[in-house]
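Before I ask anything, here is the structure I am working with.
When a residue number appears, it is its place in the shown sequence, counting from 1. Below, all heavy atoms of this structure are taken into account, side chains as well, without hydrogens, waters or symmetry copies.
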Amino acid sequence: MPDDPFGTGRMFQPRADRYSQITVRMNRYSVPVRLIGRQVRVVLHASYLVVYDGRAEVARHPRLATRGETLLELDHYLEALIRKPGALPGATALEQARAAGKFTPVHDAWWSAVRQAHGDAAGTRALIEVLLLHRSMAHDHIVAGIHAALSAGALTAEAVAIEARKASQTEPVPDAPRPAPTPVTSLILRRLANLPPDTRPIPSVAAYDQLLRHRPAAPPAQ
C-alpha cells in the first residue's frame with residue numbers, strides 16, 4: 001500500500017467575503033479575518049471540511065448537514081473584535097461558542113467582573129486577550145486560570161495567563177498507554193479446535209511385520 005493516503009475530498013476555491021466567511025455547497029463557514037477578499041482552497045469531506053491558504057491549513061469545520069446554515073468560529077474574529085470590542089456582546093460567533101461549550105460560564109463571570117472594574121471597552125479587550133491564549137494553551141488550563149484569577153480578584157489577562165501556566169505545570173502527565181499485543185492465532189490450532197471428535201483407532205504398523213518374513217531369494221552362483 002502507498003504511504004500517502006488517497007484523497008477523497010472534493011475541492012472548492014471560494015473567496016472570503018467582507019464578513020470573513022466562505023460559501024461551500026450553500027452553507028457558510030468562517031475563516032480568519034486576514035483572509036477577507038482572498039481566494040482560499042477548501043477540501044470538503046463527508047463529515048468535515050478543511051480550508052487552506054496556499055499549503056497552510058487555516059480553518060477546520062464540521063460539515064453542515066443542511067443547506068442555508070452558517071458555522072462561525074469565534075477565534076477567527078478576535079483580531080477584528082479587539083479593535084471594535086463593542087461588537088462582541090451580540091456577535092453570532094459568540095453565541096455559537098457558548099452553545100458549543102467553548103465559551104464557558106467561567107468566561108462570562110470573568111468578563112462581567114472585568115467590565116465592572118475597567119469599563120465595557122477595556123474589559124472586553126481584556127477578555128479578547130484571554131481568548132487569544134486559547135491558540136497556544138489548552139482549553140482546560142485556561143478555564144482553570146480564569147477561575148483562579150477570578151477567585152483572587154486578579155482581573156487582567158496577564159494574571160489569567162500566569163494561573164493557566166500554573167495549572168498546566170501542576171497537572172500530572174499520564175503515562176502513555178502501551179498498545180496491547182495483538183494475539184497471533186495459529187491456523188492449525190484453529191482448525192483442530194473446530195474439528196469433530198475423532199473416534200478412529202490409533203494407526204498401527206503391525207500389519208507390515210509379515211513383510212519381514214519374506215526375504216528375497218539369493219542370486220544364483222556364477
Polar side-chain atom of Arg63 near backbone of His45 as donor-acceptor pair, under 3.5 Å: yes
Using atom types as modelled, flag every donor-acceptor pair under 3.5 Å from a side chain in residues 87-98 to any protein atom, sequence neighbours excluded.
residue	atom	partner	partner atom	Å
Glu95	OE2	Arg98	NH1	2.9
Gln96	OE1	Leu72	N	2.8
Gln96	NE2	Thr70	O	3.0
Arg98	NE	Asp108	OD2	3.0
Arg98	NH2	Asp108	OD1	2.8

Beyond-backbone contact of Ile142 with Glu163, side-chain heavy atoms, under 4.5 angstrom: no
Under 6.0 Å between ring centres, would you say that holds for His107 and His134? yes
Test item: His139 side-chain N/O and Lys102 main-chain N/O as donor-acceptor pair under 3.5 Å: yes
More than 12 heavy atoms from other groups under 6.0 Å of NE2 on His118: yes
Measure across Gly54 and Tyr52 and return the closest heavy-atom pair with its distance rounded to 0.1 Å. O-CB, 3.6 Å
Should the ring pair Trp111 and Phe103 be called parallel, tilted or perpendicular, given that the plane angle runs from 0 to 90° and is split at 30 and 60? perpendicular
Sequence neighbours left out, cut at 3.5 Å: what donor-acceptor pairs do the side chains of residues 27-40 make with other protein atoms?
residue	atom	partner	partner atom	Å
Asn27	OD1	Gly68	N	2.9
Asn27	OD1	Glu69	N	2.9
Asn27	ND2	Thr66	O	2.9
Arg28	NE	Gln21	OE1	2.8
Arg28	NH1	Thr23	OG1	3.2
Arg28	NH2	Asp17	OD2	2.2
Arg28	NH2	Gln21	OE1	3.2
Tyr29	OH	Leu64	N	3.1
Ser30	OG	Glu73	N	2.8
Ser30	OG	His76	ND1	2.8
Arg38	NH2	Asp53	OD1	2.9
Arg38	NH2	Asp53	OD2	3.3
Gln39	NE2	Gln13	O	3.0

Is any side-chain heavy atom of Leu150 less than 4.5 Å from a side-chain heavy atom of Leu155? yes
Contact between Leu131 and Leu74 at the side-chain level, heavy atoms closer than 4.5 Å - yes or no? yes
Please check this pair: side chain of Arg135 against backbone of Asp75, looking for a donor-acceptor N/O pair closer than 3.5 Å. yes
Do Val43 and Arg41 come close enough that some side-chain heavy atom pair is under 4.5 Å? yes
